[in-house]
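The residues of the chain are indexed from 1 along the displayed sequence.
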Amino acid sequence: MTHFYLAGPMSGYPELNFPAFHREAAYYRSLGHKITNPAEINGGAAELVACEAMTDEQLKAHWRKCMRKDIPALLKCEGILMMPGWERSKGASLEHHIARALDMQVVYLVREERQAA
């Protein structure tokens with residue numbers, strides 16, 4: 001099976017869209033794929049609370065810090081799963097660009113409801 005990085009929008013979404021990331025990761029893992037989930041790299045309840053209290057400048061610095069963790073994780077994968085809305089996300093667009101430039105497998109996910117695992 002394939003080792004995929006999961007990419008999609010986080011900023012501006014309730015709970016940073018972590019529930020959707022966790023659902024997609026669980027689904028593709030259930031199919032036998034290895035999934036690198038940035039919500040697991042940078043996430044957790046403490047992350048959500050901390051981000052809510054940040055100023056705009058602090059959020060920008062935090063985003064850069066997260067991307068510096070996420071990009072090396074992406075480079076260890078064979079492909080990338082692009083969640084709906086990725087094209088409106090600065091981070092996911094950057095990850096998409098890197099994956100395409102490196103000829104990684106790119107899979108565009110369609111929106112469908114997945115039940116929590």
Is the backbone N or O of Ala7 less than 3.5 Å from a side-chain atom of Glu95, with the two atoms forming a donor-acceptor pair by type? no

Are the side chains of Ile98 and Leu94 in touch, meaning some heavy atoms are under 4.5 Å apart? yes

Using the ring pair (Phe, Tyr, Trp, His ring centres under 6.0 Å) rule, pick out the option among Tyr5, Tyr27, Phe4 that qualifies with His33. Phe4

Ion pair check, Arg29 and Glu40, cut-off under 4.0 Å: yes

So how far is it from Gln105 CD to Arg100 CZ, rounded to the nearest 0.5 Å? 12.5 Å

Would you indicate whether the side-chain heavy atoms of Met104 and Cys77 approach each other to under 4.5 Å? yes

Quick check: do His96 and Ser89 have side-chain heavy atoms less than 4.5 Å from each other? no

If you draw a 6.0 Å radius around NZ in Lys34, do more than 12 non-hydrogen atoms from other residues or ligands fall strictly inside? no

Kindly compute the distance separating NZ (Lys65) from CH2 (Trp63), expressed to the nearest 0.5 Å. 14.5 Å

Measure across Phe21 and Ala39 and return the closest heavy-atom pair with its distance rounded to 0.1 Å. CB-CB, 3.8 Å

Shared ILVMFWY cluster between Ile71 and Leu102, side chains joined below 4.5 angstrom? yes

Output the distance between atom CD1 (Ile35) and atom CD (Glu24), rounded to the nearest 0.5 Å. 9.5 Å

CE on Met67 to CG on Asn42, rounded to 0.5 Å: 9.0 Å

Residues Val107, Thr2; criterion side chain to side chain contact (heavy atoms under 4.5 Å, CB included); working and verdict: CA-CA 11 Å; Val107 177; Thr2 305; over 6 Å; no

Shared hydrophobic cluster for Met82 and Tyr13 (ILVMFWY, side-chain gaps under 4.5 Å): no

Rounded at 0.5 Å granularity, tell me how far CG in Leu81 sits from OH in Tyr108. 11.5 Å

Take Cys51 and His62 through the test side chain to side chain contact (heavy atoms under 4.5 Å, CB included) and record every step on the way to the result. CA-CA 8 Å; Cys51 288; His62 181 71; 3.7 Å; yes

Roughly how far, to the nearest 0.5 Å, is CD1 of Ile80 from NE2 of His3? 11.0 Å

Whether the His22 and Glu15 side chains hold a donor-acceptor pair (N or O, under 3.5 Å, no angle test) is what I'd like checked. no

Checking the side chain of Asp70 only, and the main-chain atoms of Pro38 only, is there a donor and an acceptor separated by less than 3.5 Å? no

Test of understanding: clusters of I, L, V, M, F, W, Y form through side-chain heavy atoms closer than 4.5 Å, transitively. Do Trp86 and Tyr28 belong to the same one? no

Any side-chain heavy-atom pair from Met1 and Leu31 closer than 4.5 angstrom? no

Are any of the side-chain heavy atoms of Leu6 and Met83 separated by less than 4.5 Å? yes

